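Worth knowing before you read on, the calculation uses all heavy atoms, side chains too, and leaves out hydrogens, waters and symmetry mates. Please read all numbers here as calculations on a predicted model, not as lab measurements. Residue numbers count from 1 along this sequence.
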Amino acid sequence: MMAEGEAAADIAVDDRRERIVSMVTEHEFVRVTDLAEIFRVTSVTIRADLELLDKQGAIRRVRGGAIPAKPYRPVEASSDAAAGSAAMEKTRLARHAAGLVACGESLIIDAGTTMTFLARAIVARADLTDIIVFTNSLQVAIELEPAIPRITVLVTGGTLRPATHALVDPLGAPMLERIHADTLFLGCHGVHPEHGVTSEHLLEAEMQRRMIAASRRRIVLADSSKLGRTGLAPIHPLGESDLLVTGREADPAIVTELRAVGAHIDLVD
């Protein structure tokens, strides 16, 4: 017969594993180290949990953590993979950015994983009404759909890039050339004191430059891993951004350098 303490431990284990599955589903990626800290157990224990849940088909075990149990699709540096270890930080950035939106605003929302989280955070703000969103991201549009009609969603059109679910040229720009939006939320590959905000793809960078020209206020969302990094394609100098939103995890030295060249930064806990 099982002792009372052993039964209680088993219940705690089951509860922990259920919560792990819920967290993976919500955040799309969770790290072993984060889970160990949250549940106050060792990384070895969490790895054992993830291995079991993977065998049960509840999640999929990947290097460093776990992702939802979806069919694997090998794609070029996909935005799904890019969510990676920064998913929880990106969620915090998205909630902070959604708090900067006011009723009646017109928005441009870029493509990328952080922008997907932003779309969810905007939908979660039930107080927001009369919002117009222009986006070149199919994923962002889908995330915003439940909030129609209080949010009007317009998709730019263009050629689909499967890696990021983004629509780019040819034919991606005409809508952006005809609007003047209140606020742009921009993603990026890197933010560097000298090289500014950059992308890793030339066609996406071209769309992002058009978004800048079509907006009054420009807010860059970049998780802390992107600070100090430079991508292939320049988007704009730091001085053309009104605000950079990043995580408190950011290297203080890089933050100081960025501020020294004029960047306005919100560090999000």
Side-chain angles (χ1 to χ4, degrees), residues 8-75 77-98 112-118 120-121 124 139 163-164 187-192 200 220-229 231 244-256 258 265-269:
D10 285 345
I11 293 171
V13 168
D14 291 342
D15 179 64
R16 182 178 70 238
R17 289 170 180 166
E18 287 181 9
R19 291 176 61 191
I20 287 173
V21 173
S22 297
M23 292 175 68
V24 171
T25 302
E26 178 181 357
H27 297 288
E28 297 191 355
F29 177 93
V30 291
R31 292 188 299 180
V32 169
T33 51
D34 290 333
L35 292 172
E37 181 178 348
I38 290 168
F39 294 108
R40 298 184 179 181
V41 296
T42 66
S43 295
V44 173
T45 298
I46 292 297
R47 290 190 187 97
D49 287 342
L50 297 183
E51 293 293 344
L52 177 62
L53 292 170
D54 180 89
K55 290 178 181 178
Q56 294 174 344
I59 54 96
R60 185 156 68 85
R61 181 80 164 91
V62 296
R63 181 179 176 84
I67 62 175
K70 300 176 183 177
Y72 176 68
R73 295 178 301 157
V75 294
S78 74
S79 61
D80 298 328
S85 60
M88 291 185 178
E89 181 185 356
K90 291 181 181 189
T91 300
R92 301 199 319 267
L93 304 188
R95 289 172 181 164
H96 180 84
T113 54
T114 306
M115 299 301 138
T116 300
F117 293 140
L118 172 61
R120 293 174 188 169
Q139 191 64 47
T164 55
C188 64
H189 175 77
V191 181
H192 191 277
E200 59 182 342
V220 177
L221 273 61
D223 68 77
S224 56
S225 71
K226 296 181 178 179
L227 272 57
R229 182 192 297 178
L244 168 63
V245 178
T246 191
R248 184 67 66 177
E249 300 92 331
D251 184 338
I254 296 178
V255 171
T256 299
L258 293 171
I265 303 175
D266 280 359
L267 294 175
V268 180
D269 290 317

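The side-chain heavy atoms of Met23 and Ile38, taken from C-beta on, include a pair separated by under 4.5 Å. Residues Val268 and Val245 are in side-chain contact: their nearest non-hydrogen atoms beyond the backbone lie under 4.5 Å apart.
The side chain to side chain contact (heavy atoms under 4.5 Å, CB included) search around Ala98 returns Leu118, Ala121, Ile122, Arg125, not counting sequence neighbours. With sequence neighbours excluded, no residue forms a side-chain hydrogen bond (donor to acceptor under 3.5 Å, both in side chains) with Ser43. For Thr256, there are no side-chain hydrogen bond (donor to acceptor under 3.5 Å, both in side chains) partners, not counting sequence neighbours. Not counting sequence neighbours, the partners of Arg95 by the salt bridge (Lys or Arg N to Asp or Glu O under 4.0 Å) test are Glu26. In this view, Glu249 and Arg92 satisfy the salt bridge (Lys or Arg N to Asp or Glu O under 4.0 Å) rule, not counting sequence neighbours. Applying the side-chain hydrogen bond (donor to acceptor under 3.5 Å, both in side chains) test to Thr91 and every residue at least two apart in sequence or in another chain returns nothing. Residues satisfying the side chain to side chain contact (heavy atoms under 4.5 Å, CB included) criterion with Ile265, sequence neighbours excluded, are Leu244, Thr246, Val255, Leu258, Arg259, Ala263, Leu267. Evaluation of the ring-ring contact (aromatic ring centres under 6.0 Å, His included) rule for His192 yields His195 as partners, not counting sequence neighbours. Qualifying side chain to side chain contact (heavy atoms under 4.5 Å, CB included) partners for Thr25, counting only residues two or more places apart in sequence or in other chains: Val21. Not counting sequence neighbours, His189 has no partner by the side-chain hydrogen bond (donor to acceptor under 3.5 Å, both in side chains) test. Applying the salt bridge (Lys or Arg N to Asp or Glu O under 4.0 Å) criterion to Arg248, with sequence neighbours excluded, gives Asp269.
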Could you go through Thr33 and Glu37, starting from their C-alpha distance and side-chain angles, then the distance that decides it, and tell me whether this counts as side chain to side chain contact (heavy atoms under 4.5 Å, CB included)?
CA-CA 6 Å; Thr33 51; Glu37 181 178 348; over 6 Å; no
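Of the inter-residue distances, the one linking Phe117 atom CZ with Asp223 atom CG reads 10.0 Å to the nearest 0.5 angstrom. Rounding to the nearest 0.5 Å places NZ of Lys226 at 14.5 Å from CD1 of Ile254.
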For residues 48-59, which side-chain donor-acceptor pairs fall under 3.5 Å, sequence neighbours excluded?
| unit_1 | atom_1 | unit_2 | atom_2 | d |
| --- | --- | --- | --- | --- |
| Asp49 | OD1 | Arg16 | NH2 | 3.2 |
| Asp49 | OD1 | Arg17 | NE | 2.7 |
| Asp49 | OD1 | Arg17 | NH2 | 3.1 |
| Asp49 | OD2 | Arg16 | NE | 2.6 |
| Asp49 | OD2 | Arg16 | NH2 | 3.0 |
| Asp54 | OD1 | Arg61 | N | 2.8 |

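Considering every non-hydrogen atom in both Leu221 and Ala97, the closest pair reads CD2-CB, 3.8 Å. Shortest non-hydrogen contact noted between Val220 and Cys188 is CG1-SG, 4.1 Å.
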